[in-house]
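All chains are named by letter (A, B, ...) in the order of the sequence lines, taking the proteins before the strands, and each is independently numbered beginning at 1. Quick note: numbers below take in every heavy atom, side chains included, and nothing from hydrogens, waters or symmetry partners. These numbers were taken from a predicted model, which means no experiment stands behind them.
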There are 2 protein chains.
Amino acid sequence: MTAIDLPHPAPPGDASRSANPSRILTLVHHHGKLSRAQLTRLTGLNRSTVSVLVGQLAAAGLVYEAAASGESQVGRPSPDVHANPAVAALAVNTEIDAVTIGLVGLGGQVLKKIRYATERIPTASEAVNIAAAVIAGMRSELEARYKIVGLGVAVPGLVTTVDGMVRLAPHLGWEDEPLARMFTQATGYPATVANDASLAAEAEMVFGAATGLRNLIYLNGGASGIGGGIITEGRLLTGVSGYAGEFGHTFVAANGRRCHCGALGCLETEVSQAPLLEMAGLDGGEPGELAGALRTAPGMEAMAEVRRQLGHLGTALRNIVNIFNPEAIVLNGFLAALLAAAPGELQDNLRAESMRGPGAEVRLSPAVLGSDLMMVGAAELAFSGLLADPLGHAEGN
Amino acid sequence: MTAIDLPHPAPPGDASRSANPSRILTLVHHHGKLSRAQLTRLTGLNRSTVSVLVGQLAAAGLVYEAAASGESQVGRPSPDVHANPAVAALAVNTEIDAVTIGLVGLGGQVLKKIRYATERIPTASEAVNIAAAVIAGMRSELEARYKIVGLGVAVPGLVTTVDGMVRLAPHLGWEDEPLARMFTQATGYPATVANDASLAAEAEMVFGAATGLRNLIYLNGGASGIGGGIITEGRLLTGVSGYAGEFGHTFVAANGRRCHCGALGCLETEVSQAPLLEMAGLDGGEPGELAGALRTAPGMEAMAEVRRQLGHLGTALRNIVNIFNPEAIVLNGFLAALLAAAPGELQDNLRAESMRGPGAEVRLSPAVLGSDLMMVGAAELAFSGLLADPLGHAEGN
DNA sequence: GATTTTTGGTGTTTGACACAACATATCAGC
DNA sequence: GCTGATATGTTGTGTCAAACACCAAAAATC
């Protein structure tokens, strides 16, 4: 026989590269600011090591130091290390009725956000052109005042993140679009593409409702269906090709309604926004209003529909809890409204239906990042290269 | 004196400890033997570094070198590095009708296996006592010929692995048993406990049907239900408390049958072994026979039942594929028999029902490790400490 | 103003690893 | 059988990240 098959052809030469600058910058980015003393404790590194690393990051322009904030105590005060928001990422969110372009600084602050509404569902090229035009308009300012590390794109569909291909985005009608390449060519910035719900999950973990948690599920309910993101051990679960997290097609009902995906009884055919809006007497409108409108809607019909949908949602959540044993499930969009419309009901259902161990521990909470969510998530995608290797990256460009 | 300089003031959160000895030993352990040249390629390290590391591992008695195997080629031959099977782990598998104790050498070879059948379902203490007695019987041999690194225990239930508590094992009737502590006290070896299906998943990834894959789902069908293990990015997904993977309680049918877990329509109430055995005219018997017996069973009844169960199993698999986007799903126990009884059907169902991207890529395969599976898996648990830090660990004891 | 407490900065040491030069073992061709 | 090509093991040196020990600085307390 020939020699043993080599499962991995050959990993890139340098495997054990120093991860500590990355850890420092990531901590500062996620917390906004952090004193050197806090960094020392959080990383477990030596004070002097932290000193050196912060110095390097400051020299690279990624962080700056400022006097300690109010909070005074015995001992020499420790200056705060701030993420430098002039190091920024462009973020693009593509939806069925709009393309939103944003600028997000290191530290997670949304510096600019421009929503460009479209009259009809944009094609991939149209979305790219809109974003490129908006970015071109900002260009002189971007070049003068910011250091742009890249561009992150959120797409509601199946995305192969490594090569930036949108395999299928059913609600946009896109199929096999090389979106990352298109964005890179149109804007000149290195672009990365990922599923919108995955990015939202990361954003909520880093800056939102699940700050500090390492095992969570994010579920979003939008006009076009239900998507999800999975975070385990603090990392986004992508699956082999980056398609993981399609919770909208979990089986929850045996009534024979066929989903656009081809299967029967999918969560997103049973639990959807349209009937809720109708019951509540709204059309479109603000996402925040829905919960209140449902609670005060006249007659029993609205509540019955809420209950029906909560039942199916509960089934999906039961599966999730039994399979993932997460710390929290974060709900957004109309799913958050469902949660708010009947407080406690979902949590009670879940306790009753899921297995004792995991069911008792999970926390249900609404998303908190609101309209900045996708900007922060997409920017995080663009930041990821910088965060993984801050110094190499900083010199490289 | 006050304030003596503490060598390690803070718990040394030394994340960036050298991981390379671990990588080398893990590779050798998983492959059995590997030449130094192969190790150089696989790790991407320098030849000289590999030389030093292998030397250290050999000095610690974890590996040994032997002349290259047959295969000759141009150039100086590279000696094979073998995992030393004298470094071994004890493995215990607790089932409703037996306790199995095994000895597994580094490299994954099962050196001994003793199945102790019980007349009734053992309590936790009984299981511990049985295992401890068997181990006591081997003790002199173990001490003379092996270096035992620890003891791994597989339990069919919810296990908090960090503290070794069995929270709930419904089929064994165990609840809140501090099993790791009990085993450690009874045997003197450091014991670690985990869910059986999780361990099986790891074993199949490392030595079995999914060698080299990094994203897979393992599903086992046994007399007492359906359990699963999840591996993503080459790592076992445990959830916050280690309860993840309870696929048996996925919702698959709305016919109102209540599961022992309290919910309705669980996979394991719809898809179960007993009716299949009955249709096939077997009782208990060898796991291998079932598939053949089902195919040759007289009348249409057996096939109808197979079809019914395949339908429900397909629904669960559809969820899995949409949620995880795995490379492979490995089926064991009677689920493997179902797969074999109607070749292709499950795969076709899956293609039709799951979303286009992930559905096309997934591979369904039966488990291959057979009766050694749980021994290898449980031993892997005991080896994990050694593999994570081979040199520190080797000196420590 | 002295003491205590906590932190930052500097120089030295350690250890892991790469790199280069050299030694060695096999095959292929003559 | 000798010779060169090739792949590998071995040894010595250089580099870099990070720990460590010591000193200086800056509050808060006495």
Side-chain angles (χ1 to χ4, degrees), chain A residues 3 6 10-25 34-59 63 65-81 389-392 395, chain B residues 2-25 34-59 63 65-81 389-392 395:
Chain A
L6 306 179
D14 149 26
S16 62
R17 115 173 281 111
S18 164
N20 284 336
S22 164
R23 291 175 61 202
I24 300 268
L25 184 59
L34 229 35
S35 75
R36 286 194 181 197
Q38 286 175 303
L39 286 171
T40 305
R41 278 191 294 271
L42 288 170
T43 57
L45 296 173
N46 196 284
R47 275 209 304 275
S48 39
T49 306
V50 171
S51 179
V52 170
L53 295 178
V54 169
Q56 290 172 340
L57 292 174
V63 302
E65 290 180 88
S69 56
E71 183 79 11
S72 85
Q73 52 179 349
V74 187
R76 177 173 172 174
S78 189
D80 280 332
V81 180
D389 184 10
L391 300 174
E395 302 311 316
Chain B
T2 57
I4 298 170
D5 273 340
L6 304 176
H8 297 292
D14 72 66
S16 60
R17 130 171 264 109
S18 163
N20 285 337
S22 165
R23 292 175 62 200
I24 299 267
L25 185 59
L34 231 34
S35 74
R36 277 157 91 130
Q38 286 175 306
L39 285 171
T40 305
R41 279 189 293 269
L42 287 170
T43 58
L45 296 172
N46 194 280
R47 279 209 304 276
S48 52
T49 306
V50 171
S51 179
V52 170
L53 295 178
V54 169
Q56 290 172 339
L57 292 173
V63 303
E65 291 180 90
S69 56
E71 180 77 10
S72 82
Q73 51 180 348
V74 187
R76 177 170 173 175
S78 189
D80 279 332
V81 180
D389 184 11
L391 301 175
E395 303 310 318

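- Residue A:Leu25 holds its CG atom at 12.5 Å from CG of A:Asn20, rounded to the nearest 0.5 Å.
- In this structure, B:Leu57 and B:Pro390 have side chains that are in contact, with non-hydrogen atoms separated by less than 4.5 Å.
- If you run side chain to side chain contact (heavy atoms under 4.5 Å, CB included) between A:Leu53 and each of A:Ser48, A:Ser22, A:Pro21, only A:Pro21 comes through.
- Atom P of nucleotide D:dA7 and atom CD of B:Gln38 are separated by 15 Å, given to the nearest angstrom.
- A:Leu34 has its side chain out of reach of A:Asp80: every pair of non-hydrogen atoms, C-beta onward, lies at least 4.5 Å apart.
- Between B:Gln38 and B:Ser78 there is no side-chain heavy-atom pair separated by less than 4.5 Å.
- Listed pair A:Asn20 / D:dA17 fails the phosphate criterion, with no side-chain N or O lying under 4.0 Å from OP1 or OP2.
- C:dA16 atom P lies 12 Å from atom CG of B:Leu57, rounded to whole Å.
- Summary for the helix from C:dG1-D:dC30 to C:dC30-D:dG1: the axes at its two ends, each from 5 pairs, differ by 10° when rounded to the nearest 10 degrees.
- When rounded to the nearest whole Å, the span between CG of A:Leu53 and C1' of C:dT10 equals 15 Å.
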Under 3.5 Å between N/O atoms: give me all the protein pairs with nucleotides 9-13 of chain D, atom names plus distance.
{"from": "D:dG9", "atom 1": "OP1", "to": "B:Ser78", "atom 2": "OG", "distance (Å)": "2.5"}
{"from": "D:dG9", "atom 1": "O4'", "to": "B:Arg76", "atom 2": "NE", "distance (Å)": "3.4"}
{"from": "D:dG9", "atom 1": "O4'", "to": "B:Arg76", "atom 2": "NH1", "distance (Å)": "3.3"}
{"from": "D:dG9", "atom 1": "O4'", "to": "B:Arg76", "atom 2": "NH2", "distance (Å)": "3.4"}
{"from": "D:dG9", "atom 1": "N7", "to": "B:Arg47", "atom 2": "NE", "distance (Å)": "3.0"}
{"from": "D:dG9", "atom 1": "O6", "to": "B:Arg47", "atom 2": "NH2", "distance (Å)": "2.8"}
{"from": "D:dT10", "atom 1": "OP2", "to": "B:Arg36", "atom 2": "NH2", "distance (Å)": "2.5"}
{"from": "D:dT10", "atom 1": "OP2", "to": "B:Ser51", "atom 2": "OG", "distance (Å)": "3.2"}

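- Of the candidate nucleotides C:dA18, D:dT8, C:dT7, D:dT8 has the atom lying nearest to any side-chain atom of B:Arg41.
- Spacing between atom CD of B:Gln56 and atom C1' of C:dA16 amounts to 9 Å, rounded to whole angstrom units.
- For the pair A:Thr43 and A:Val50, the minimum side-chain heavy-atom distance is below 4.5 Å.
- With values rounded to the nearest 0.5 angstrom, A:Leu39 atom CG is found 10.5 Å from A:Arg23 atom CZ.
- Between the CG atom of B:Asp389 and the P atom of C:dA16 there is a distance of 11 Å, rounded to whole Å.
- Of the possible polar contacts, one joining the B:Thr40 side chain to the B:Arg36 backbone as a donor-acceptor pair under 3.5 Å is found.
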